[in-house]
Amino acid sequence: LWSRRKFNFSSSFTLTYQAYLGTLDSNGADGIAAVFHNDPAGINAIGQIGEGIGAKGIQNGIVLELDTYHNTSSPYDIANDHGSIWLSKHGPHVPAGVLSKAVDLGNIEDGKWHNVVTTWNYDTLTLSYTVQLGNGSIVTAGTYKFSSIDQLKDIFGGTLEVYYGYTGSTGGSRNDQRVKFVDLCSDFPVIRDTDGDG
């Protein structure tokens, strides 16, 4: 699911959505990711299934994952459901791709909708996101501070204007995975009524 217009990282913003990760815990997979990218395929960009969460392999992108499967072959995965930030061209399981370590989210395959808030702070060059767990507590699932705006431009292929959207996947295991918006105009600000005509 991709935005048809591009987001601009030259100013701060906040995005909100709700994630449903299904009800299959021990054998559920693989998760959902929020992705910012500047792939030449644009809104037709598609990543790899399974551990790639539909995002690995997309060019010029950053992934904020909600990973519900423990890939035991990776030293960066943990047993519980988790969040982390990684570069889409490398994937979440190689050193060059990992921007933030896995954060334990317990079990988010609990049949509940989870509020997810993504924040970009231009002044501090920090990208982060939080997840509301089933018990109501809010956990920072990933955070990364860029060393410079040029580092971010390099990741996005020389620009600060990128597509935004959501990917998900399954592999050998499956789950019912969904995203929704409570208020599309406020939660997905790329389509805000900027001229005030309603």
Side-chain angles (χ1 to χ4, degrees), residues 1-9 12-22 29-39 41-49 51-69 81-92 97-103 105 108-109 112-122 126-133 138-146 152 155-156 160-170 175 177-192:
L1 170 67
W2 298 122
S3 62
R4 292 196 173 262
R5 289 177 50 201
K6 291 186 174 184
F7 275 77
N8 195 326
F9 272 73
S12 299
F13 59 77
T14 300
L15 301 170
T16 303
Y17 73 99
Q18 291 188 332
Y20 179 84
L21 286 304
D30 268 279
I32 294 172
V35 182
F36 298 96
H37 77 85
N38 186 36
D39 190 293
I43 62 171
N44 296 310
I46 297 175
Q48 297 174 10
I49 64 168
E51 68 182 33
I53 309 185
K56 180 181 177 184
I58 292 175
Q59 296 301 301
N60 307 317
I62 297 174
V63 178
L64 291 72
E65 73 172 358
L66 298 176
D67 191 334
T68 60
Y69 187 79
D81 301 341
H82 55 277
S84 70
I85 302 174
W86 43 275
L87 301 178
S88 58
K89 69 178 180 179
H90 296 295
V98 178
L99 298 181
S100 73
K101 293 180 181 179
V103 174
L105 300 177
I108 53 175
E109 298 164 292
K112 297 179 180 178
W113 287 95
H114 298 271
N115 292 321
V116 183
V117 179
T118 301
T119 304
W120 164 244
N121 185 317
Y122 181 81
T126 304
L127 181 64
S128 63
Y129 68 115
T130 62
V131 178
Q132 186 174 29
L133 304 182
I138 296 173
V139 175
T140 299
T143 187
Y144 183 76
K145 181 177 172 58
F146 296 87
L152 182 59
I155 291 169
F156 288 147
L160 291 179
E161 294 185 2
V162 294
Y163 293 102
Y164 173 69
Y166 306 92
T167 63
S169 73
T170 59
N175 227 328
Q177 303 166 144
R178 308 174 188 205
V179 297
K180 76 175 180 178
F181 307 98
V182 174
D183 182 338
L184 189 60
C185 289
S186 63
D187 294 345
F188 203 76
V190 74
I191 59 169
R192 281 188 181 154

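None of these values were measured; they are calculated from a predicted model. By convention here, the first residue in the shown sequence is residue 1.
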### Task
Could you tell me whether L160 atom CG has more than 12 heavy atoms of other residues or ligands within 6.0 Å of it?
yes

### Task
Can you see which heavy atom on L15 is nearest to which on F7, and at what distance?
CD2-CE2, 3.3 Å

### Message
For a 4.5 angstrom cut-off between non-hydrogen side-chain atoms, does K6 reach V162?
### Response
no

### Message
I want to check something: taking the side chain as every heavy atom from C-beta on, are L66 and V116 in contact at a cut-off of under 4.5 Å?
### Response
yes

### Query
So how far is it from Y129 OH to S84 OG, rounded to the nearest 0.5 Å?
5.5 Å

### Query
Side chain of E51, backbone of I49: donor and acceptor closer than 3.5 Å?
no

### Message
Using every non-hydrogen atom in the two residues, find where I85 and T143 come nearest and quote the distance to one decimal.
### Response
CD1-N, 3.6 Å

### Query
Any side-chain heavy-atom pair from Y69 and N175 closer than 4.5 angstrom?
no

### Query
Could you state the interatomic distance from CD1 (I108) to CG (D81), rounded to the nearest 0.5 Å?
5.0 Å

### Task
Establish, yes or no, whether a centroid distance under 6.0 Å links the rings of F36 and Y164.
yes

### Query
Does a side-chain heavy-atom distance below 4.5 Å link I43 with R4?
yes

### Message
How long is the straight-line distance from CD1 of I62 back to CG of L127, given to the nearest 0.5 Å?
### Response
6.0 Å

### Summary
Closest non-hydrogen contact found for S88 with A55 is CB-O, 3.5 Å

### Query
Short question: side chain of S12, backbone of Y122 - any donor-acceptor pair under 3.5 Å?
yes

### Query
Can you say whether the rings of F13 and W120 are parallel (under 30°), tilted (30 to 60°) or perpendicular (over 60°)?
tilted

### Query
Nearest 0.5 Å, what's the NE2-CD distance between H114 and E109?
9.0 Å

### Message
For a 4.5 angstrom cut-off between non-hydrogen side-chain atoms, does T167 reach I46?
### Response
no

### Query
Do other residues, nucleotides or ligands put more than 12 heavy atoms under 6.0 Å from the NZ atom of K101?
no

#### Entry: Side chain to side chain, R178 and Q18, heavy atoms closer than 4.5 Å
no

### Query
Could you give the distance from NZ (K89) to CD1 (I58), rounded to the nearest 0.5 Å?
14.0 Å

### Task
Rounded to the nearest 0.5 Å, what's the gap from OH on Y163 to CZ on F156? Could you check?
13.5 Å

### Query
If you take all heavy atoms of V103 and A141, which pair is closest and at what distance?
CG2-O, 3.3 Å

#### Entry: Ring centers of Y144, F146 separated by less than 6.0 Å
yes

### Task
Please tell me if the side chains of H37 and N60 come closer than 4.5 Å, counting only heavy atoms from C-beta onward.
no

### Message
Assess the residue pair I53 and D67 against the criterion (side chain to side chain contact (heavy atoms under 4.5 Å, CB included)); give the C-alpha distance rounded to whole Å, side-chain angles, the decisive distance to 0.1 Å, and a yes or no.
### Response
CA-CA 8 Å; I53 309 185; D67 191 334; 4.0 Å; yes

### Heavy-atom side-chain contact between T170 and Q177 under 4.5 Å
yes

### Task
Report the C-alpha distance between W86 and E65 in whole Å, list the side-chain angles of each, state the deciding distance to 0.1 Å, and finish with yes or no for side chain to side chain contact (heavy atoms under 4.5 Å, CB included).
CA-CA 8 Å; W86 43 275; E65 73 172 358; 3.1 Å; yes

